[in-house]
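Note sheet for the following structure.
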Number of protein chains: 2
Amino acid sequence: MPATVLVVEDEPAIQELIAFNLKQAGHIVMAAPSAESAQHLIKETLPDLILLDWMLPGMSGIDFARKLKNDSYTKAIPLIMLTARGEEQDKVKGLETGADDYVTKPFSPRELNARIKAVLRRRAPQMTDELVDIAGLALDPVTHRVTGNGAPVELGPTEFRLLHFLMTHPERVHSRAQLLDRVWGNQVFVEERTVDVHIRRLRQALEPTRHNALVQTVRGAGYRLSQR
Amino acid sequence: MPATVLVVEDEPAIQELIAFNLKQAGHIVMAAPSAESAQHLIKETLPDLILLDWMLPGMSGIDFARKLKNDSYTKAIPLIMLTARGEEQDKVKGLETGADDYVTKPFSPRELNARIKAVLRRRAPQMTDELVDIAGLALDPVTHRVTGNGAPVELGPTEFRLLHFLMTHPERVHSRAQLLDRVWGNQVFVEERTVDVHIRRLRQALEPTRHNALVQTVRGAGYRLSQR
DNA sequence: CGCTATTGTGACGTTTACGTGACATCCCCC
DNA sequence: GGGGGATGTCACGTAAACGTCACAATAGCG
């Protein structure tokens, strides 16, 4: 949930205000006063989100936005434009910047945070919402329910995500590092052995329906979910 | 017949105008400035109606409409296209892609509301007006009344909408963010924990008839309405 | 058959998420 | 303009979930 946000804004006061708020919300903030200086910052750090002021010295925000959306390297980065009231009617009209949202100055910190959250949520990697069923073990991402041969299985959030990932990638060995990446998220610092503990908890929960045998240990490599 | 409407429109001025009018008419409004950003929003919130601008940055409104109508998941959602004057010759094309109606810019709020009402009446008998009954808990959207085993249940407006949404989308787990989108509207900036408070008030109101057990907490995920 | 690297397991302290009551504010109707 | 319901937010308590460790068990290897 904490994201790296690049703020491209030439007015120091506004820039600092935004930065302060974003930091409060737990995000990592980078700042650039112009499009030019923002360029290599983007290439270097690949922020999760860019806040781009409409009016900038040098290359305007519009042109910069267009440029970003034309570059395959930066195209996927969500973009929120900051516009001042009065600029919208004429200038926004007909533009094809590909911005994901707009915030009109003056804005409240709460509004900004909400919009950021919304934009980040929308590009969230949606794992398939389809029901997975392997050997009588069924996991439904929509209802968040797991059943073994019809009998309900109780899982904690992490065990649920772990099982979901294993079931959507069966027959394949996953190292602890890979599991940490895909199940925990790549920006967390946890011991690799923690995976073992959660695997155990998962097996324990699957024991009543004998489905625990599906979760297999591959010595020296990691874990695997397999029917055989 | 309050409905949740998604407005896909890239010009903030027009977007805000439409949103204002829809809210006046009692609808819940969500907005997205592009087809790409609208996609996730649709999957998450299942709006009752989509207002789609003809001209959009990135994927055009036409292509997006076609895509929506080809997806079984979104096919049933009524669609109204917004076209600018001079694009009229394309109306036919728009209707061919599966749009249920079109509105030409500039339009009057009255016209827009009328067309929305017509489309909703024609297309969505399942969501808007029908009485919902789950395990003896009955909710009537028309009379705005809720009864548990015949006994009246007193709810505030927000709790009513919350319960209505949960009852029309049962078994499914809804994150706090999704509930904020669907029950509050995503242009309202409210803390996620507020959902908890309203869930509690809802449970409290349902307590006398033991129907509070229908509202379940799914730790780390959200809330769910279920018989089991 | 014994040694060692690797994994299983139980326990424990800490963190996080949720439930709950209180409160301040807003808004509408009287 | 004032009173009451509705709403959003905060603070606090509790219970579940988490991560880590220590030690036991196991498998693989020579």
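Below, chain A is the first sequence line, B the second, and so on; all start at residue 1. The model shown is predicted, which means the values in this text are computed figures rather than measured ones.
- Look at A/Asp196 and A/Arg201 and you find no salt bridge, because none of the NZ, NE, NH1 or NH2 atoms lies under 4.0 Å from a carboxylate O.
- Applying the side-chain hydrogen bond (donor to acceptor under 3.5 Å, both in side chains) test to residues at least two apart or on different chains, the pairs with a partner in residues 142-154 of chain B are B/Asp140-B/Thr143.
- An end-to-end axis angle of 30° holds for the helix from C/dC1-D/dG30 to C/dC30-D/dG1, taken from five base pairs per end and rounded to 10°.
- We find that CZ of B/Arg161 is positioned 13 Å from P of D/dA6, with the value rounded to whole Å.
- Atom C1' of nucleotide C/dG8 and atom CD of A/Glu191 are separated by 17 Å, given to the nearest angstrom.
- Backbone-only contact: A/Glu159 has heavy atoms under 4.0 Å from sugar-phosphate atoms and none from a base.
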inquiry  = Walk along nucleotides 18-28 of chain C from 5' to 3' and tag each nucleotide B, S or - by protein heavy-atom contact under 4.0 Å, base first, then sugar-phosphate.
reply    = BBBSB------

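- Taking the nucleotide of DNA chain D with the nearest heavy atom to each of A/Glu192 and A/Leu155, the more 5' of the two is matched to A/Leu155.
- As a whole-Å value, the separation of B/Trp184 CH2 from D/dG8 P is 6 Å.
- Contact between A/Gln204 and A/Arg200 at its shortest, heavy atoms only, is NE2-NH2, 2.7 Å.
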message = Set out, in order, the CA-CA distance, both residues' side-chain angles and the distance that settles side-chain hydrogen bond (donor to acceptor under 3.5 Å, both in side chains) for A/Thr168 and A/Arg182, then state yes or no.
response = CA-CA 12 Å; A/Thr168 48; A/Arg182 301 295 302 265; over 6 Å; no

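- Judged by distance alone, with hydrogens and angles left aside, the side-chain atoms of A/His169 form a donor-acceptor pair with the main-chain N or O of A/Phe165 at under 3.5 Å.
- The distance from atom CZ of A/Phe160 to atom P of D/dC18 is 13 Å, rounded to the nearest whole Å.
- Closest of all the heavy-atom pairs between B/Leu214 and B/Gln227 is CD2-CA, 3.8 Å.
- One atom, CG of A/Leu179, and another, C1' of D/dG19, lie 16 Å apart when rounded to the nearest Å.
- Using a 4.0 Å cut-off, some side-chain N or O of A/Thr158 falls inside it from OP1 or OP2 of D/dC18.
- Not a single donor-acceptor pair under 3.5 Å links the side chain of A/Glu191 to the backbone N or O of A/Arg193.
- With rounding to whole Å, A/Leu202 atom CG is found 12 Å from D/dC18 atom P.
- In this structure, B/Leu139 and B/His164 approach most closely via the heavy-atom pair CD2-CD2, 3.6 Å.
- Taking each heavy atom of B/Val153 and B/Ala205 in turn, the nearest pair found is CG1-O, 3.6 Å.
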